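One structure is given here, and the rest of the page talks about it.
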Amino acid sequence: MAEKSFPMTSEGKAKLEAELKDLKLVKRPEVVNRIKVARSFGDLSENSEYDAAKDEQSHLEDRIKQVEEMLKYANVVDADSVAPDEVAIGKTVVFTEVGESDSEEYVIVGSDESDPLSGKISNDSPIAKALIGRKKGDTVTIETPGGKFDVVINDVHA
C-alpha cells in the first residue's frame, strides 16, 4: 500500500503547525470549559448549550486529527530543487490562454494552502496538474469541468 503524502510548501507546514498548536492549547480548553459550564445548567437531555459544545468539541477533535495526519505525512517540496523554469509546488506560474491577451498568475501550493482568491491554487486542481513539470514557453492543454483550453507558460519563478 502506498504511503500517504501531503505535498506542501514550508510556509504551509508552518501554518499547519501553528494551527495545531492553537487548536490544542487555546481552542480545546475553551470548548472543555464551555462543556463544563453547560453541564452546570442541569438536565443534559434538554440542554442546547451542552449539545452545541459537544458538537463543537467533535468538530475540533476531527480537525486536530486531520492536521496531525497531514503533518505526519507532510512532504515539504523544495521549489529550488527543480529547474528554475519548471512549474512545481511552491513556484509562481504566469500563463496566457491561447488567443487571449490577459495573463493569469498563480502560486501552486499544497491542497490545504489553496486560496484561489489570493492567487494560490492547489496542486490537485486541474490547472496545476496540467502545468506541473512543464516549462516556460510550453503550450499546455488544460482540461477542466468547463472544457479544454490551451495556455502558453510565460514565466515561472520562485
Side-chain angles (χ1 to χ4, degrees), residues 1-32 34 52-158:
M1 185 165 138
E3 185 175 300
K4 294 179 189 178
S5 178
F6 294 97
M8 62 185 70
T9 62
S10 57
E11 294 83 13
K13 183 176 181 189
K15 186 178 171 187
L16 280 177
E17 289 169 338
E19 179 185 357
L20 184 60
K21 183 177 179 182
D22 181 62
L23 290 171
K24 286 183 167 183
L25 301 179
V26 177
K27 303 282 191 218
R28 185 184 268 165
E30 287 174 356
V31 172
V32 168
R34 277 200 285 282
K54 289 298 283 183
D55 286 345
E56 186 179 351
Q57 182 184 39
S58 175
H59 293 296
L60 176 74
E61 294 302 326
D62 286 346
R63 180 62 182 162
I64 288 172
K65 285 179 190 170
Q66 181 184 31
V67 172
E68 285 176 336
E69 180 88 355
M70 292 174 77
L71 288 170
K72 181 178 180 180
Y73 297 106
N75 176 18
V76 177
V77 178
D78 179 13
D80 294 334
S81 67
V82 179
D85 64 343
E86 184 178 336
V87 180
I89 294 174
K91 289 197 175 184
T92 300
V93 60
V94 181
F95 61 87
T96 306
E97 187 173 345
V98 173
E100 300 289 327
S101 59
D102 293 336
S103 63
E104 296 183 45
E105 181 174 325
Y106 296 104
V107 178
I108 298 179
V109 296
S111 59
D112 199 58
E113 302 171 73
S114 72
D115 182 3
L117 296 178
S118 66
K120 295 180 177 182
I121 60 172
S122 166
N123 63 305
D124 290 328
S125 70
I127 293 173
K129 283 182 176 180
L131 295 173
I132 289 175
R134 305 303 292 267
K135 296 187 179 212
K136 180 178 176 179
D138 286 355
T139 300
V140 180
T141 300
I142 298 175
E143 291 187 50
T144 67
K148 291 182 184 182
F149 58 98
D150 293 330
V151 300
V152 175
I153 299 173
N154 303 327
D155 192 23
V156 179
H157 56 273

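As the structure is a computational prediction, the values presented were derived from the model and not from experiment. Here, residue 1 is the first one in the sequence, and each next residue gets the next number.
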Exercise. Should Leu16 and Phe6 be marked as a side chain to side chain contact (heavy atoms under 4.5 Å, CB included) after you check the CA-CA gap, both sets of side-chain angles, and the distance that decides it?
Worked result: CA-CA 12 Å; Leu16 280 177; Phe6 294 97; over 6 Å; no
For this session: Compare every heavy atom of Gly110 with every heavy atom of Ile89, then report the nearest pair and how far apart it is.
Result: CG2-N, 4.2 Å
Problem set entry | Side-chain (Lys13) to main-chain (Met8) donor-acceptor, under 3.5 angstrom | no
Exercise. What's the spacing between Ile127 CD1 and Asp124 CG if we round to 0.5 Å?
Worked result: 13.0 Å
For this session: Can you measure from CG (Asp62) to CD (Gln57) and round to the nearest 0.5 angstrom?
Result: 10.5 Å
Exercise. Is it the case that Asp150 and Thr139 place a side-chain donor and acceptor less than 3.5 Å from each other?
Worked result: no
Seminar exercise, completed: Closest heavy-atom pair, Ala128 versus Ser122, reported as atoms and distance to 0.1 Å, is CB-O, 3.1 Å
For this session: Hey, could you give me the CD1/NZ distance between Ile132 and Lys91, rounded to the nearest 0.5 Å?
Result: 11.5 Å
For this session: Can you see which heavy atom on Asp80 is nearest to which on Ala158, and at what distance?
Result: OD1-CB, 4.3 Å
Problem set entry | Side-chain ion pair, Arg63 and Asp112, N-O less than 4.0 Å | yes
Exercise. Which heavy atom in Ile108 sits nearest to a heavy atom in Ala88, and how many Å separate them?
Worked result: CB-O, 3.9 Å
Exercise. When rounded to the nearest 0.5 angstrom, what distance separates CG in Asp85 from CZ in Arg134?
Worked result: 12.5 Å
For this session: Evaluate the criterion side chain to side chain contact (heavy atoms under 4.5 Å, CB included) for residue pair Arg28 and Glu61; output intermediate values, then yes/no.
Result: CA-CA 8 Å; Arg28 185 184 268 165; Glu61 294 302 326; 2.8 Å; yes
Problem set entry | Distance in Å, Glu113 CD paired with Ile121 CD1, rounded so as to fall on 0.5 Å steps | 12.5 Å
Exercise. At their closest point, which heavy atom of Pro29 faces which heavy atom of Leu25, and how far apart are they?
Worked result: CG-O, 3.4 Å
Problem set entry | Nearest non-hydrogen partners of Pro126 and Ile142, listed with the distance | O-CG2, 4.0 Å
Problem set entry | Euclidean distance, Glu105 CD relative to Thr92 OG1, rounded to 0.5 Å | 6.0 Å
Exercise. When you measure from the side chain of Glu97 to the backbone N and O of Phe149, does any donor-acceptor pair fall under 3.5 Å?
Worked result: no
Exercise. Given the rule in the side chain to side chain contact (heavy atoms under 4.5 Å, CB included) test, do Leu131 and Val151 qualify, once you have shown the distances and angles that lead to the verdict?
Worked result: CA-CA 9 Å; Leu131 295 173; Val151 300; 4.1 Å; yes
Exercise. When you look at Leu20 and Glu68, which way does the side chain to side chain contact (heavy atoms under 4.5 Å, CB included) test go after all the steps?
Worked result: CA-CA 7 Å; Leu20 184 60; Glu68 285 176 336; 3.8 Å; yes
